[in-house]
Amino acid sequence: MTLPLYGTASQSAGFSSDKARSILRLRSVDSAAERHVADFAIARTPDDIRRAIEADWPSILFVSDGSIDLCGTFTGQLVAVPPKYNYLADGDVIGFDHASRKFRTLYRRNSAHNSFLVTERCNNYCLMCSQPPKNVDDRWILSEIRESLPLIDPATRALTFTGGETLSDWEDFTAVLKECRDRLSATAIQVLTNGRAFADSRIVDAWKEIGHPNLMAAIPVYASVDHVHDHVVQAKGAFDETILGILKLKDRGQRVEIRVVLHALTAPIIEDTGRWIARNLPFVDHVALMGLENTGFAIANDTMLWMDPVDYGDGLARAVDHLSAAGVNVSVYNLPKCVLPKSVWPHALQSISDWKNGFVEECDRCDAKTTCSGFFTTGRPRFSRGVRAIISQRDESTALAG
Amino acid sequence: MARFLRPESFSAATEDLLLLPFNFERAGAHQYLVANMVGDFVRLSEEELNRLVDLQVRPGDGLYEKAYAAHLVTGTNQKAQRQLLAARLRSRMSFLQQTTPLHIFVVTLRCEHSCPYCQVSRQSTDRSRFDMNEQTAMSALDIAFASPTARIKIEFQGGEPLLNFPLIRKIVAAAKQRSGKQLDFVIASNLALLDDTVLEFCKENNVLLSTSLDGPADLHNKNRPRPDANSHELAVAGIRRAREILGPDRIGALMTTTEASLDRVDEIIDEYLQLGLDGIFLRPLSPFGFAIKTKQFAKYDAQKWLAFYERGLRRVLEINRQGTPFREFYAALLLTRMLSDRPIGYVDLRSPAGAGLGALVYNYDGSVFASDEGRMLAETGDDAFRLGHVEHDSYNSLILSDKLIGAISSSLTQCAPECSTCVYESHCGADPVYHHATQGDALGIKPLSAFCARQKGIMGLLLDILENSPEDAAILRRWAAA
Ligand code: SF4
Ligand code: SF4
């Protein structure tokens, strides 16, 4: 199922008008943690509210379907959100717009898949972009992230920054990453970028300067040939800049992941691409070969892009072989086990973020479900004709029956 | 979707294309083998090669994609491919940063064997004037420690080095007392004199053993005459004992190929396999020392040897297919160069040559040679690779000697006739000592060189297997991976 990460509050009170938006961190009513001005007690019942007031909470977030009348018993800040946001819990962080009452969940403490959208601007225009670029001034997002960072649990295992092109405002963004270095030094920080900015030595030097102990640039490479990659990302010259960027990062000892999204333009040549990466860039830290998320532009370009994974499984397996043989650490993301050749299974990970991950009925009878990526629930999911429950014993009995 | 541009919009115009350097060789009717600057291979038809050279390629025509992915063609405004080639070349050549990692001490010329092909002229065992003395050894150690590399390997050779075991002890102790370098030690011995004292010493000091094993008993003993005709027995017993006491990876064996070996490669390999060794180095007979004098070298040519090698390699692959991991080490070296950019400084497989830059040899009498083969030449009166003497020379004066600089600079494959345009150049090497010995010239005329014929033959064979025999290719790839 898909978790709703955006919404509109049904009610709010106590917010000043000199500020357009606030960052809220949720705390359980009886949390003993030290209170920050951004902290809101999270209440799910009228009784919770009573206890919160008793415990002197100046700010309360109420999850409920009805409206609530506090009859002057409470004069602090109040936000009420509908029950489908009941997943919100202690430690979570949301961004709240005062005038429109719109909010976004920015961080869920119990999730392994937290990501911050940095900007919607991008100098690529990928045919399958899941977050179609918008040319708008959205620099406020970076300030919101800056405000959120101090509220995030330093024990968070991993955090992803995504876009748009995250390095669109590279100076401000590297400053944010420096804050991560200071506040979240134990967190694995992954930045999704098209890598073109790193062709500029000033930017790659600034990146090196960040010095976060566990920082990874995740950069897409779609082909071994310039015009194929450039067509996929709809930007002439992108391949050259991206490869140059990867080389400059590695030259400075920075960690790099290469990501290849698989669709009808990239999947038929995946063996060549894998062999090329193995031969030319074996020093990258990780390669992820990724099934397509059918959302955003991918829906608009469906006829150009859809390819059933069972039709590229063999090439994918050979790509994995070339990469492994060269000592490259390779994973396959977003593709269910049943559509992949067995040799690929050890590389296939449960990569889909918890809030947009689902399974189909067939999966209930499948022995592989607990280790399977399953499917995206976002956009307009497309299913391979190869989806078939994996049942080790039954394989034999059907073979006998046949 | 009008806002998305069509594939053609991203094609480069012909005038924006540029050829990158590559070498090629005819490989059958209308077929060419092509290698880019770092030795990645592709096959092109004659028509494709001609079109490529004329830059008559267009994105989408298949040839453009093949040539671009192989770094044969790039865009005039692009930088990434040239940077990529530069980075890969830098990695491949970075063995040059380890200057002179190997130091060979000939602690005695005496030997109790009398092998007809022996690459050093043996001296009877009783003449102690053919032993290295301590003062010479310490001066040699000064030179070894002056080489710039952080890790050096000291190899003891002879003759039979165990005939001067007391000096080996002294050199190891003295080297360990000096600080500043990581140390490896190897004793190259026929193991006839291996006893518990020697083994104990090797264990204590982490010394590797390397021995000769030419194959089954009759072959080995014919190659290596000894009064009791028991050279094979002693070597095998020594290998077993050493494996037991020092561990299976602390002893290696090397074979010498003679004419008598040529028909028996399967038996030779099985001998290695039975002893539990993890591979074999199928070596050519070298043209040095006694080998040339006794005309052994002339007795078979490169083609006969290649047939022997191919048969051996196929036998080794069969062993792997049957489930026992076992390598042919020369193929493994070449494959590492062909399939990766790891720096391989193997002395005979590099350019600039490994003479002096890869190894120095200190003879028993204090003279210093650029390679072991150079020392063997001197035994037959040719001082071309005698660089100096431990008493009068320093590391720098040896390395910067005119003889060495001359030999290395005149033999560079990167700019030599034939080599500089050879499709195998990236994976080959300069062997000035060999070519001096066989042709009287450090560079040599490559079409007349058995070294060159072997290199082309082996690499051609490996490519054929990689392209046409998937199961064997997977085995070969594994050799290159580790
Ligand atoms: S049937 Fe469902 S759970 Fe099983 S492998 Fe396929 S997608 Fe995964
Ligand atoms: S020696 Fe022969 S195989 Fe080697 S580079 Fe020269 S011409 Fe080529």
Side-chain angles (χ1 to χ4, degrees), chain A residues 125-129 132-133 195-196 198-199 221 223-248 250-251 265 269 272-273 275-283 297 299-305 318 321-328, chain B residues 1-13 16-17 36 38-41 57-71 73-88 90-91 335 338-342 470 473-482:
Chain A
Y125 203 72
C126 300
L127 294 171
M128 66 293 178
C129 185
R196 294 173 62 186
F198 295 123
V221 174
S224 54
V225 185
D226 55 352
H227 69 91
V228 179
H229 177 95
D230 289 359
H231 174 230
V232 172
V233 306
Q234 293 280 298
K236 192 159 179 177
F239 180 79
D240 197 54
E241 288 180 357
T242 294
I243 300 299
L244 207 52
I246 293 172
L247 285 173
K248 289 193 179 188
K250 289 312 300 179
D251 200 39
L265 299 179
I269 53 170
D272 294 339
T273 307
R275 192 197 289 116
W276 187 87
I277 294 171
R279 201 68 191 81
N280 289 283
L281 302 168
F283 41 77
F297 284 160
I299 299 177
N301 289 318
D302 184 79
T303 39
M304 194 194 322
L305 297 181
R318 285 192 294 272
D321 282 350
H322 288 303
L323 288 161
S324 308
V328 180
Chain B
M1 274 276 132
R3 0 178 232 161
F4 294 106
L5 298 170
R6 303 168 53 78
E8 304 78 65
S9 320
F10 302 95
S11 302
D16 294 333
L17 296 180
N36 67 13
V38 287
D40 298 335
F41 294 103
V57 290
R58 290 289 299 148
D61 67 6
L63 178 57
Y64 175 89
E65 285 71 22
K66 206 164 161 181
Y68 191 96
H71 308 309
V73 67
T74 189
T76 45
N77 297 322
Q78 296 184 343
K79 290 204 191 110
Q81 282 174 295
R82 278 169 273 187
Q83 284 300 329
L84 208 46
L85 286 170
R88 291 182 54 188
R90 183 177 62 183
S91 169
L335 287 160
M338 290 163 71
L339 300 174
S340 84
D341 299 323
R342 289 205 300 283
I475 296 164
L476 294 185
R477 283 206 191 87
R478 279 204 292 281
W479 295 358

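The sequence lines fix the lettering, A, B, ..., with proteins before strands; numbering per chain opens at 1.
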Undergrad: How far apart are the closest heavy atoms of B:A481 and A:A325, and which atoms are they?
TA: CB-O, 3.4 Å
Undergrad: Looking at A:D230 and B:F10, what are the two nearest heavy atoms and their distance?
TA: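 Closest approach of A:D230 to B:F10, heavy atoms only: O-CE2, 3.5 Å.
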Undergrad: Is A:L247 close to chain B through its backbone or its side chain, or both, or neither, when contacts mean heavy atoms under 4.5 Å?
TA: side chain
Undergrad: Answer with side chain, backbone, both or neither: which region of B:R82 has an atom nearer than 4.5 Å to a non-hydrogen atom of chain A?
TA: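 When you check distances to chain A, no heavy atom of B:R82 falls under 4.5 Å.
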Undergrad: Does A:K236 reach the main-chain N or O of B:S11 with its side chain, forming a donor-acceptor pair under 3.5 Å?
TA: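 Flag set: sc A:K236 to bb B:S11 pair under 3.5 Å.
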Undergrad: Would you call the rings of B:F4 and A:F297 parallel, tilted or perpendicular, taking 30° and 60° as the class edges?
TA: perpendicular
Undergrad: Run the side-chain contact (heavy atoms from CB on, under 4.5 Å) check on A:R279 and B:R88 step by step: do they pass?
TA: CA-CA 10 Å; A:R279 201 68 191 81; B:R88 291 182 54 188; 3.0 Å; yes
Undergrad: Are B:Y68 and A:F239 side-chain neighbours, meaning at least one heavy-atom pair lies under 4.5 Å?
TA: yes
Undergrad: Report which part of B:T74 has an atom under 4.5 Å of a heavy atom belonging to chain A: side chain, backbone, both, or neither.
TA: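 Answer is neither: B:T74 stays 4.5 Å or more from chain A.
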Undergrad: Please say whether more than 12 non-hydrogen atoms of neighbouring residues, nucleotides or ligands are located less than 6.0 Å from NZ in B:K79.
TA: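 Not more than 12 within 6.0 Å, no.
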Undergrad: Contact part of A:A235 toward chain B, heavy-atom cut-off under 4.5 Å: side chain, backbone, both or neither?
TA: backbone
Undergrad: Can you tell which part of B:D341 gets under 4.5 Å to a heavy atom of chain A, answering side chain, backbone, both or neither?
TA: both
Undergrad: Quick check on the interface: out of B:R6, B:K66, B:Q78, who has the most heavy-atom pairs with chain A under 4.5 Å?
TA: B:Q78
Undergrad: Would you check if A:Q234 and B:R3 make a side-chain contact, meaning some heavy-atom pair closer than 4.5 Å?
TA: no
Undergrad: Contact between B:H71 and A:N280 at the side-chain level, heavy atoms closer than 4.5 Å - yes or no?
TA: yes
Undergrad: With a 4.5 angstrom heavy-atom cut-off, could you sort out which part of A:I269 is near chain B: side chain, backbone, both or neither?
TA: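 Neither; nothing under 4.5 Å.
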Undergrad: Is it the backbone or the side chain of A:D226 that comes under 4.5 Å from a heavy atom of chain B, or both, or neither?
TA: both
Undergrad: Below 4.5 Å from any heavy atom of chain A, which atoms of B:L339 appear? Answer side chain, backbone, both or neither.
TA: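 Only the backbone of B:L339 comes within 4.5 Å of chain A.
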Undergrad: What distance separates B:Q81 CD from A:D240 CG, expressed to the nearest 0.5 Å?
TA: 7.5 Å
Undergrad: Can we call the ring centroids of B:Y64 and A:H227 under 6.0 Å apart?
TA: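 Here the rings of A:H227 and B:Y64 have centres that are less than 6.0 Å from each other.
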